[in-house]
Participant: 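Structure below; questions to follow.
Order of the sequence lines fixes the chain letters, A, B, ..., with proteins taken first and strands second; residue numbering starts at 1 for each chain.
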Amino acid sequence: MPETAQRELTFAQAVNEALAEEMRRDARVCILGEDVAEAGTPFKVLSGLVQEFGVSRVIDTPISEAGFTGVGVGAAMTGMRPVIDIMFGDFLTLTMDQMVNQAAKVHYMSGGKWKVPMVLRTTLGASRRSAAQHSQSLHAWFSHVPGLKVVMPSTPYDAKGLLKSAIRDENPVVFFEDKMMYKLKGPVPAEDYTIPFGVADIKREGDDITLVATSSMVQVALEAAVLLESIGISAEVIDPRTMWPLDEKTLIASVQKTSRAIVIDEGYERYGITAEISSVIAEGAFFDLEAPVKRMGAMHVPIPFSPPLEDATVPTGQTLFAAAKKLCGKN
Amino acid sequence: MPETAQRELTFAQAVNEALAEEMRRDARVCILGEDVAEAGTPFKVLSGLVQEFGVSRVIDTPISEAGFTGVGVGAAMTGMRPVIDIMFGDFLTLTMDQMVNQAAKVHYMSGGKWKVPMVLRTTLGASRRSAAQHSQSLHAWFSHVPGLKVVMPSTPYDAKGLLKSAIRDENPVVFFEDKMMYKLKGPVPAEDYTIPFGVADIKREGDDITLVATSSMVQVALEAAVLLESIGISAEVIDPRTMWPLDEKTLIASVQKTSRAIVIDEGYERYGITAEISSVIAEGAFFDLEAPVKRMGAMHVPIPFSPPLEDATVPTGQTLFAAAKKLCGKN
Amino acid sequence: MTTATDQTKSTSVLATEKYLGMYRRMTMIRFFEEQVNELYTRALMPGLAHLYIGEEAVAVGICEALRNDDYITSTHRGHGHCLAKGASPDRMFAELLGKEAGYCKGKGGSMHIADPDTGNLGANAIVAGSAGIATGAAFSAKHAGKGQVAVCFFGEGALGQGVVYEVMNLAALWKLPVIYVCENNLYTEYTHFSETLAGDLLTRGAAFGVPSESVDGQDVRAVHTVATKMIARARAGQGPSFLVCNTYRYTGHHVGDINREYYRSKQEEQQWKTDRDPLKILADWLFSYGLADAQALDAIRKEVGEQMATAVNFAIAAPYPAVDKVAQDVYA
Amino acid sequence: MTTATDQTKSTSVLATEKYLGMYRRMTMIRFFEEQVNELYTRALMPGLAHLYIGEEAVAVGICEALRNDDYITSTHRGHGHCLAKGASPDRMFAELLGKEAGYCKGKGGSMHIADPDTGNLGANAIVAGSAGIATGAAFSAKHAGKGQVAVCFFGEGALGQGVVYEVMNLAALWKLPVIYVCENNLYTEYTHFSETLAGDLLTRGAAFGVPSESVDGQDVRAVHTVATKMIARARAGQGPSFLVCNTYRYTGHHVGDINREYYRSKQEEQQWKTDRDPLKILADWLFSYGLADAQALDAIRKEVGEQMATAVNFAIAAPYPAVDKVAQDVYA
Ligand SMILES: Cc1ncc(C[n+]2csc(CCOP(=O)(O)OP(=O)(O)O)c2C)c(N)n1
Ligand SMILES: Cc1ncc(C[n+]2csc(CCOP(=O)(O)OP(=O)(O)O)c2C)c(N)n1
Ligand SMILES: [Mg+2]
Ligand SMILES: [Mg+2]
């Protein structure tokens, strides 16, 4: 991050700024989604955009996730650069055919002739007391599908730089924002910058254990790293930033150095992101590992509403600290 | 398998017999899907059922995958035991909301009050020259979702026994049949039997390497095992049979014995089934592994139509043989 | 628009009791929701809730025409449907607070209340998410042959979801006993429905072979009359119906939606409250035909008010589920 | 049902040429498909294919009213649409055989032919899978302001998919220049449409605010007339239309569907072929007004036949893509 970055923005403001700048730069960029215009989405992330760009570029849709995602695919093929807004990541279930059978495959099936430069922005994350149908983190599904790119920013800085890259990418990109991070503040340069896909970011250097974390779990990992430091364990925190393309090299190199790793993600642990990343590390750093790669994800249950139950389902700084301590042999 | 099993059936016949027997046993069992009645599906798997059970239990639907899957969920909650037929696994994209936000969560969200005893039968597998929208193997998505069970039979015997268990299960079960196996023959007892979920089957015993294989990849693994035997490598072939529940113990125990493993599956390798299973093995057999767990799945490309290209995307007996040989240090 | 036939002349004591029952039930919903708002304001409720205030006549007019073993499915704005179908407020409040005593042991919360004892297949936080489930329940009902029906409640926003048309088509083809009830309260979140729905809503049923009608959703008697007819049709094996109820939500999209003037005027809100209030409309009708006096209705309100206070206190005092319950009920 | 206005009196040489062009294009489709069947029978074609024989007047009647820069989306039964929009048979055959010279370098095959040069956004193997894409193209067209339109072809089976209604609603709200063309050939695979679609199909457009008409899909002039009107409406910014073309596929659902008597009679098939053949209907009309004689049409058929033979041979001789091409074109 450039030294000059003094200005602080929230994660939501960073997203908003990235969109505004790209819409100014490129008249083909438009936004489609439910209550994106005057309401600026229920999370208020898009506030002000319709005032600047008008209702022909910031477009309220009916509750037709499949329909308007499909419109996004067709619009992207024919010259627009649509940014589709899916309010809660749980509603992605309704877009799977458009994203997976259409968006992801059009370029390949046409022998490289048609392109689908669209972005689908959506949310993930539990702990808002929103229950099982408004709390899921379904990024693993998209990461499984060739033809899609999957982005998971963890800071305001990354959010702005990665979203700009997503909008300028020639492929369909799924962009996941953790609802719980919208108010998180951090330095964001006012100038134009982009962050390339496939480049992991070392959020904190360390020597004893590698914590690979995605999205808001990066904050959790940084919290755990502080706790670990207090007992003499030096944790390296790495954020892959994009699930696909995946920066395997940086992950493996880190674990080759530290010899221990925990992969932490807010999606369901089973058959999720942590499985792929831990496999990559277990294979790539096989001869350096002193302990099995540990995975931490959401518990294998639908997210419950009741606060004490919900809190038990997702990793926290404390549970990660305990797991890391144990993995390092400090019981 | 009981010794008495002399009779041979095809995989398709085994599925058909399981359905017929369960429909005779339980009047609540019914089938909904496109062209399931007179046509008996395009694969002819359901031939004869409408003749025996009539159009009120073997029901042709419109091309409304979301709609009739949803009807299945509601019917299951209220006393029926529907078996939903989704012709090609690629069309599962259209059922994700019904399966994931509804079927999988109803029991939990209602505090255990409502149940969803339904089966969704569908297909997977490439190499039929059907191109990118008719060749996918999307079982990883469902395995990721708590509340669902996921079944992948690899033989006619398993197909019959597992399908009967699926129909009698009180939960939503997704049942994947490889289109390329429908004509595969094998012994199937005429009598009633079920195969419990969560019990892996050792399809072939061996000492030097474990090949964990799913669905039709079991056949590929058995083929490779024969080739390996010819060069003095004894391969154990294990079929987990259900992705969820997953019989971790048997998998780990085998690798503890052999010290080497390859996981092979026809879904996309990236963020797929092989990632979870290899993670489970890498963790559980950490101190016994002499080489990294290797994964083999479909190439990370939409399935191409052109025969030479399509053939290059999926693992074969030959490619598995080569990989296993290498992993065992015989180059 | 259908208007209830004036049945004054033949109004028996029975009918009066029925209408007073409806008045009581609508009052329950109104007071329940006021308490929910209170719980939110006092920061006692986790998350959010979507209030049904203003729309009471729809749920009550329809559910009063149902048997206990009939099914309903509901929405994110589901408290009214649950109460109208017979749920008890104490366990509903407990669910809203995430308590073990709640209908779903606290696992569901406001948007997922379900109750087999009253045929409630569940509220649903996916817009149109219960359309398939309701249709499937009607499928079972048809097979069971006991004359049960299913009612699928949804907001007009759900008409944006294609699955609604998929299942209407199925229901029409198979003559399933299901009534699709569209509560058109004019807004989907913060957007007027005219900006998101083209054509005439009513024709959207007919286009799929489903007989359709609309009704004044503020007049519980009118709703009840048309619902009774549609339910009878369904029980008789004559298939599905589509009913558009024109109504209005008095408060925000959810309890946190306080400043609404960017999408609708205070004046519009006030007009509905003054001129089209379902409780007032029923009360006026009861008065005008001398079927009840102010005292009788006051007594009902007082009684219901006390019931709600007790129920809320029960829920506040109730314990949370033990944390180890989190992994239960994933599989049956 | 709309019938083309009889324009005989004013038929100019220009019009005659136009109709002969349509005859040629329909012949191309017919012969192309016969070759496909031949390739299948001779086991030269990988996989299956869905033939358009019998439905030629639909694609041709509509596409003749389109500009080159207009868009189309197509279906699993897509060869006719591609040819009608201007694709060349040699590269289509090559695609069907999985050859490098094919429109999609062999990666797409029969069900995915696409061609930016003729505005063909692609055939689609998901029923109704291109409804969103076509509507999105119309969205772009509206923004671009160059008067382009998009035509979305689909079979009546696609009316089972909710997404069709979602995008019709969007197109109506936003007045997008898109024409939804439903080819009702009576069957969805092996099931008659009356078993899977309730109500009157035509009303399914109107219910979402989309003006609708039906037409005799065997009469290319009738199709052309109504399409011309709808396309003009769309270009003028007046929004979408829905057109139901009543037609019939002569052969199986796909080339392997040989024994069809369990779902439709040979007699029915014969009747359509004899009485309702689109080539014959146009020929008869041309003859009856003296606009062409048998010789002229024979010449066209001969020429097209030779063209097809050359094209097939080109495709058979063409090489497969090198195996290392498999991982190209996944990302742009
Ligand atoms: C599939 C889906 N998309 C979006 C949402 C977010 N959402 C919740 S309620 C709502 C508006 C619903 O409007 P309507 O159906 O009219 O019901 P009302 O709230 O007016 O009762 C929206 C968009 C959702 N819950 N599910
Ligand atoms: C979503 C989806 N469901 C099912 C299928 C399988 N399928 C292919 S063609 C077809 C029938 C289509 O009928 P129709 O739309 O009338 O087109 P036609 O074949 O008659 O031209 C079906 C069910 C599919 N390709 N996609
Ligand atoms: Mg509403
Ligand atoms: Mg058809």
Participant: Which atom names give the shortest non-hydrogen contact between C:Gly47 and A:Arg129, and what distance separates them?
Facilitator: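 For C:Gly47 versus A:Arg129, the nearest heavy atoms are N-CB, 3.5 Å.
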
Participant: Which atoms of C:Ala322 are under 4.5 Å from chain A, going by heavy atoms: the side chain, the backbone, both sets, or neither?
Facilitator: backbone

Participant: Locate the shortest heavy-atom distance separating C:His112 from A:Ala132; write the atom from each residue and the value.
Facilitator: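 In this case the closest contact between C:His112 and A:Ala132 is NE2-N, 4.4 Å.
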
Participant: Can you tell me which portion of C:Tyr331 sits under 4.5 Å from chain A's heavy atoms? Options are side chain, backbone, both or neither.
Facilitator: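 For C:Tyr331, the contact with chain A is made by the side chain alone.
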
Participant: Apply side chain to side chain contact (heavy atoms under 4.5 Å, CB included) to residues A:Leu94 and C:Gln161 and explain how you reach the verdict.
Facilitator: CA-CA 9 Å; A:Leu94 296 158; C:Gln161 298 285 29; 3.7 Å; yes

Participant: Rounded to the nearest 0.5 Å, what separation is found between the NZ atom of C:Lys107 and the CG atom of A:Leu309?
Facilitator: 6.5 Å

Participant: Need one label for A:Thr93: side chain, backbone, both or neither, based on atoms under 4.5 Å from any heavy atom in chain C.
Facilitator: neither

Participant: Most heavy-atom pairs under 4.5 angstrom with chain C, which of A:Pro304, A:Ser64, A:Gly67?
Facilitator: A:Ser64

Participant: Do C:Thr196 and A:Thr61 come within less than 4.5 Å of each other through their side chains, counting heavy atoms only?
Facilitator: no

Participant: Among A:Asp60, A:Asp90, A:Ile63, A:Val301, single out the residue with the greatest number of heavy-atom pairs under 4.5 Å to chain C.
Facilitator: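 Option with the top pair count is A:Ile63.
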
Participant: Just verifying a value: how many Å separate A:Ser306 OG and C:Lys105 NZ, rounded to the nearest 0.5 Å?
Facilitator: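 These two atoms lie 12.5 Å from each other.
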
Participant: Identify which part of A:Ala39 has an atom lying under 4.5 Å from any heavy atom of chain C, answering side chain, backbone, both or neither.
Facilitator: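 A:Ala39 touches chain C through backbone and side-chain heavy atoms alike.
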
Participant: Roughly how far apart are C:Leu48 CG and A:His134 NE2, rounded to 0.5 Å?
Facilitator: 9.5 Å

Participant: Would you find more than 12 non-hydrogen atoms of other residues, nucleotides or ligands less than 6.0 Å from A:Lys44 atom NZ?
Facilitator: yes

Participant: Is the closest side-chain heavy-atom distance between C:Val326 and A:Met299 below 4.5 Å?
Facilitator: yes

Participant: Chain A: which of C:Ala128, C:Ala327, C:Ser110, C:Gly108 shares the most heavy-atom pairs with it under 4.5 Å?
Facilitator: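 Of C:Ala128, C:Ala327, C:Ser110, C:Gly108, C:Gly108 has the most heavy-atom pairs under 4.5 Å with chain A.
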
Participant: To the nearest 0.5 Å, what is the distance between OH on C:Tyr190 and OG1 on A:Thr41?
Facilitator: 9.0 Å

Participant: Quick check: do C:Glu189 and A:Met87 have side-chain heavy atoms less than 4.5 Å from each other?
Facilitator: yes

Participant: Is it true that the NZ or CZ of C:Lys99 lies under 6.0 Å from the centre of A:Phe305's six-membered ring and within 45 degrees of the ring axis?
Facilitator: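 Pair C:Lys99/A:Phe305 does not count as cation-pi.
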
Participant: For C:Asn124, is it the side chain, the backbone, both, or neither that has a heavy atom closer than 4.5 Å to a heavy atom of chain A?
Facilitator: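 C:Asn124 touches chain A through backbone and side-chain heavy atoms alike.
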
Participant: If I measure from the heavy atoms of chain C, does A:Glu34 come under 4.5 Å with its side chain, its backbone, both, or neither?
Facilitator: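 For A:Glu34, neither part sits under 4.5 Å from chain C.
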
Participant: Within a radius of less than 6.0 Å around CG of C:Asn259, do more than 12 heavy atoms belonging to other residues, nucleotides or ligands occur?
Facilitator: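 Check fails, neighbour count at 12 or below.
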
Participant: Between C:Val323 and chain A, which part of the residue has a heavy atom less than 4.5 Å away: side chain, backbone, both or neither?
Facilitator: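 Both backbone and side chain.
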
Participant: Can you say whether C:Leu97 sits under 4.5 Å from chain A via the side chain, the backbone, both, or neither, judging by heavy atoms?
Facilitator: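 Contact with chain A involves the backbone of C:Leu97 alone.
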
